[in-house]
Amino acid sequence: MNASENLIATEQRLGAHNYKPLDVVLTRGEGVYVWDTDGNRYLDCLSAYSAVNQGHCHPKILAAMVEQAGKLTLTSRAFRNDQLAHLYEELAALTGSHKILPMNSGAEAVETAIKAVRKWGYEVKGVPEGKAEIIVCSDNFHGRTLSIISFSTDPDARTGFGPYTPGFRTIPFGDADAFAAAINENTVGALIEPIQGEAGVIIPPAGYFKRVRELCTTHNVTLILDEIQTGLGRTGKLLAEEHEGIEADVTLIGKALSGGFYPVSAVLSNTEVLGVLKPGQHGSTFGGNPLACAVARTALKVLTEEGMIENAEKMGNYFLEGLRSIRSNIVKDVRGRGLMLAIELEPEAGGARQYCYGLKERGLLAKDTHEHTIRLAPPLVITKDQVEWAVSEIEKTIT
Ligand SMILES: Cc1ncc(COP(=O)(O)O)c(C=O)c1O
């Protein structure tokens, strides 16, 4: 066994098998590239599920992290630190939000929003205690905690983990009439991904979110957009809601908020919703810590100052055009927005995973999702030459 085979064997022996990674052991990353322990270089077309939008080991984020790590890393929220207020200010200026709650993982941000919106429902909307309902969509992915998997429609995510948290009403994604029909006097919120990432980059019909926004406003329902994957430049806009010409009441961000250096997430909201939380009602030891804040501040700065969002739009269009020009009888659909792209293969193609292994052999890392779909989401710093190279390697693999 060589070194990487040894590492894989040890992982298999000692680790819980809650993931099924491609067998490539990575040791270094820079920009769009990662290297394995045998020295092979790969173009990363997953970006750690869109957490590494700024590219691997961005030097400015690294410098901010190292500097802050040498000064102060954690105070807990029992005391204040000199980074959090700056992060609040910069996030508010960038997104227009009025209240912010920092957490760590994406799932924690989702849980936070659910708690806040339920409390808002009881205290502000006047829903009877214990009756709050939140509308969610089938094929959603919002994380792995018990409440979140309680409203998952994916049997792998949900089966065997009951009893489940009640209070969620599931409707088909992209169906505004179903959304209208699901609202009742106890509906406090709607939790939706602007584009369903894990489901295979599913883009809703044009006008869907406009109608959802109108319905939420009319019925005093809080619209929560989970932009943990779609946000922070991935789709060619800072937030994917901009494509729809709407504004959510609550926006969830995570992943690229730290450029992949550290788990940082946040709930962005108007004053009314997050305003219901009082001392002692929610928190996290690490949420809002100075290291996380310093990293997030720089991650946001490089995202905007280095033109990554504009590049995502331009390179995304170019990538999509390239993929659409591939003639292959195993391709069922090619879709995407910005650098959130997917190739859906015909069921007869025998599953996307084997093609991901084929791509790996050619130096491109991508991940299958939902059996037949190859998702492509490179760091937002990808260049035209790199897109052209990727399209050509993908073409060789699937034709
Ligand atoms: C849309 C969306 N929401 C929430 C999450 C959960 O984030 P985390 O894995 O950081 O808990 C993810 C992760 O893939 C996601 O894509």
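Predicted model, so just to flag it, every value in this text is computed and none were measured. Indexing begins at 1, ligand by ligand and atom by atom, following the structure's order.
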*Relative to the ring of F151, is the ring of H142 parallel (under 30°), tilted (30 to 60°) or perpendicular (over 60°)?*
tilted
*Counting each atom of ligand 1 from 1 as listed, which ones have a heavy atom of A107 under 4.0 Å away?*
6 (C), 7 (O), 8 (P), 11 (O)
*asked:* Quick one about E133 and T187 (side-chain donor to acceptor, distance below 3.5 Å, no hydrogens or angles considered), yes or no?
replied: no
*Among all protein heavy atoms, pick out the one at the shortest distance from atom 7 (O) of ligand 1; state its residue, atom name and that distance to 0.1 Å.*
G106 CA, 3.4 Å
*Can Y49 be said to touch ligand 1, with heavy atoms closer than 4.0 Å?*
no
*asked:* Give me the nearest non-hydrogen protein atom to atom 16 (O) of ligand 1 as residue plus atom name, then the distance to 0.1 Å.
replied: Q229 NE2, 2.8 Å
*Any cation-pi pair here, R158 with Y164, using under 6.0 Å and within 45°?*
yes
*Tell me whether the guanidinium CZ or amine NZ of K360 lies under 6.0 angstrom from the six-membered ring centre of Y42 and within 45° of its axis.*
no
*asked:* When you compare the side chains of N140 and T153, does any donor N or O come within less than 3.5 Å of an acceptor on the partner?
replied: no
_Protein heavy-atom partner closest to atom 4 (C) of ligand 1 - residue, atom, separation in Å_ = H142 O, 3.2 Å
_Nearest-contact summary for atom 3 (N) of ligand 1 - protein heavy atom, Å_ = D226 OD2, 2.6 Å
*Between the side chain of T298 and the main-chain N/O of A294, is any donor-acceptor distance below 3.5 Å?*
yes
*Of the side chain and backbone of R144, name the one, both, or neither that has a heavy atom under 4.0 Å from an atom of ligand 1.*
neither
*Tell me which protein heavy atom sits closest to atom 9 (O) of ligand 1, plus the residue, atom name and distance to 0.1 Å.*
K255 NZ, 4.7 Å
